[in-house]
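This one's a predicted model, so the numbers in the text were calculated from it and none came from an experiment. Every number for a ligand or one of its atoms is a count from 1 in the order of the listing.
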Amino acid sequence: MRQPEDRLVIDSQQHEDRLFPPPPEFANRARIRSMDEYRALYRQSVEKPEEFWAERARELVWTKPFDRVLEWQSPHAQWFVGGQLNASFNCLDRHVQQGRGSKPAIVWEGERGEERILTYEELLAEVSRLANALRAMKVRTGDRVGIYLPLVPEAVVAMLACARLGATHSVVFGGFSAEALRDRMEDAGAKLLITADGGFRKGQVVPLKANADEALQKLPGVERVVVVRRTGEKVPMKPGRDIYWDEAVRGQPATCESVALDAEHALFILYTSGTTGRPKGVVHATGGYLLQTALTTRWVFDLREDDVYWCTADVGWITGHSYVVYGPLAEGATVVLYEGALNHPEPNRIWDIVERRRVSILYTAPTAIRGFIKAGDDWVKQHDLSSLRLLGTVGEPINPEAWMWYRRVVGGERCPIVDTWWQTETGAIAVAPLPGATPTKPGSATLPLPGIEIEIVDSAGRPVPPGEGGTLVLSRPWPSMLRTVHNDPKRYMQQYWSQVPGRYFTGDGARIDADGYLWLMGRIDDVINVAGHRLGTAEIESALARHPVVAEAAVVGRPDELKGTGICAFVTLKEGKVASTELAAELRSHVAKEIGAIARPDDIRFADALPKTRSGKIVRRLLRDLAAGRESQGDVSTLEDLSVIAALRDSEE
Ligand code: 7RM
């Protein structure tokens, strides 16, 4: 196991001693108001975990109460065994029945400025209509449904309609390619796909339907395709397979009884990159996931009835699942949904939305924050941001400079910042400050939330002393943990529970300081975090290797001012193929086409050979050093003579 010492560590994290206690005005009104309260809650959660979770789980609406809280046969957990509930009911009907029907659930804004507001009552009606339509198309409890949509209200409606029927949804981010979509739909065994004629992104049309058609060419298992009209462009519709959303729901009743599902029923599968070329289908279970996303939304965002809450993530990522859809809707929040790029048409689009919608809670990514810093403070200062009361970040470590800027320029030194650490696999936020209780340190995700136990271990799995770096592991099961890897239970075991036996392996390097605060230091596996999104280097390598001129490729991350990590690909060409700037450009587009634009390499560096160990493993550490050392791409048409390094390495071993 590689240790974090050979990873980039933001130096200033090491010496950060600024401490920001919660502002008293905030703490006085907060849901959790003091460290004493946090500690008491935490203690209860680890000393009597079953009581702790059971008490809170009873706040959800169960059609059948659970018999047992937890069945733990490491590494397999079952939560709320015997209980039945429905996530869509808990996110919608419950609030309508409690008299919040006319409260806005979704405040949507299109990139071109269009607006749609759906109250809880209206959202419930839309979800019910689609659920009825899906049922009419033979979608049954347990079937898988693919969702490949732009960030329009229909994306949320589609997820909740699936949840209503107990069809397991698998959302694929609209920025992914046809190939990526096909792989995921195939692995998930999807029966139906919900997509759109297109989407808008930075003024351009994203051809979602064309991608879907390409993906489905060799996927007869996907029997039906529902198409949202978004761009209004004419797209080919395959008779018998394709139907427009509006036609599918026409005449369908606006009520649809929700299906009572076992707590362990698979709510969704979400694919995430791992250390191999094949993404993993992370499976989440209904009861535990819903409970923990709801509770963490309440605790970490201190959510109140009158908040206007905006998490800028796309529903194609786990952050969108947990903190755009399930967590906030289970809590009855008003959620802002924005279709486009945060800096389109100008760098102030995000601040314009905050001002006009009176956003009170803003949750975004460090990469976005660094982009705003680069655009300049003036874009922010044009706007009245006094509605904001809380700021959050997620996706990657935030450098203290960016944290301080976020606090000062966006938060007016008035808003607490919650730096939230979690993963697709954890389902919900695991480590974060409680804004009314926890004093924050810029760059630290601070302390574990109730129910989460963290440890830092060395390569032998032994706990390290405070302050020392190691691997972050979670030491007990939690309700929203992943249940398995779809179609690959072995991988679930190997990837998460074998590296440190009995502990959940996060893949992150970290240290815990003398105050117990957690400092993340980046991935220690071959996963890179580009602009807050996880990419497997192996995935990019296989994409490159599929290009006819490529003999071999090795992909590493290197520091990038905006994206946190940039992608650098070392490529050796087949005999007789000649490196050139044009070829580099072609390879970059090739990867974007194979995976999606987020995976497009920043640098292509042609090499005559790749440095390898005797056993044939590419020495990535060397390549990382090389990639970090020379920032400029320079003339990519020349071959780098890496055979020397390769030879050097060989003689060392
Ligand atoms: C929510 C999400 C997970 C990986 C994780 C980390 C990194 C996420 C933080 C962070 C430092 C944070 N899910 N990460 N949040 N690193 N501080 N607050 O991003 O599955 O896509 O990625 O992201 O490396 O393992 S994810």
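Geometrically, ligand 1 and Ile318 share no nitrogen or oxygen pair separated by less than 3.5 Å. Among the atoms of Thr272, none of the N or O lies under 3.5 angstrom from an N or O of ligand 1. Remark: ligand 1 and Glu425 share no N or O pair separated by less than 3.5 Å (distance only, no angle test). At least one N/O-N/O distance between Asp508 and ligand 1 falls below 3.5 Å. At least one N/O-N/O distance between Arg534 and ligand 1 falls below 3.5 Å. On a distance-only criterion, Thr420 and ligand 1 share at least one N/O pair closer than 3.5 Å.
Looking only at heavy atoms of the protein, atom 11 (C) of ligand 1 is closest to Pro397 N, 3.1 Å. If you check which protein heavy atom lies closest to atom 1 (C) of ligand 1, you get Trp422 CE2, 3.4 Å.
Under the 4.0 Å criterion applied to side-chain N and carboxylate O atoms, Asp307 and Arg389 are assigned as salt-bridge partners.
No side-chain heavy atom of Thr440 sits under 4.5 Å from any side-chain heavy atom of Ile417. When side chains are defined from C-beta on, Ile512 counts as touching Leu518, because their heavy atoms get closer than 4.5 Å. Taking 4.5 Å as the limit, every side-chain heavy atom of Glu594 sits out of range of all side-chain heavy atoms of Leu544. Looking only at side-chain heavy atoms (C-beta outward), Arg278 and Asp187 come within less than 4.5 Å of each other. Under the 4.5 Å side-chain criterion, counting only non-hydrogen atoms from C-beta, Leu160 is in contact with Tyr326.
Within the 4.0 Å heavy-atom criterion, neither part of Ala445 lies near ligand 1.
A tilted orientation is assigned to the rings of Tyr42 and Tyr38, their planes being inclined by 30° to 60°. Under the 30°/60° scheme for interplanar angles, the aromatic rings of Tyr289 and His284 are found to be tilted. Between Tyr504 and Tyr496, the angle of the ring planes stays under 30°, which puts this pair in the parallel group of the 30/60° scheme. Classified by interplanar angle (parallel below 30°, tilted 30° to 60°, perpendicular above 60°), the ring pair Tyr323/Trp422 is perpendicular.
Of all atoms in ligand 1, numbered sequentially from 1 with element shown, those under 4.0 Å from a heavy atom of Val394 are 1 (C). Atom numbering of ligand 1 starts at 1 in the shown order; those under 4.0 Å from a heavy atom of Leu520 are 11 (C). Under a 4.0 Å criterion applied to the non-hydrogen atoms of Asn529, ligand 1 contributes the atoms 7 (C), 23 (O).
The option from Gln423, Arg523, Glu396, His533 that lies nearest to atom 10 (C) of ligand 1, judged by heavy atoms, is Glu396. If you check each of Thr424, Thr319, Ile398 against atom 13 (N) of ligand 1, the one with the closest non-hydrogen atom is Thr424.
The shortest heavy-atom distance from Gly395 to ligand 1 is under 4.0 Å.
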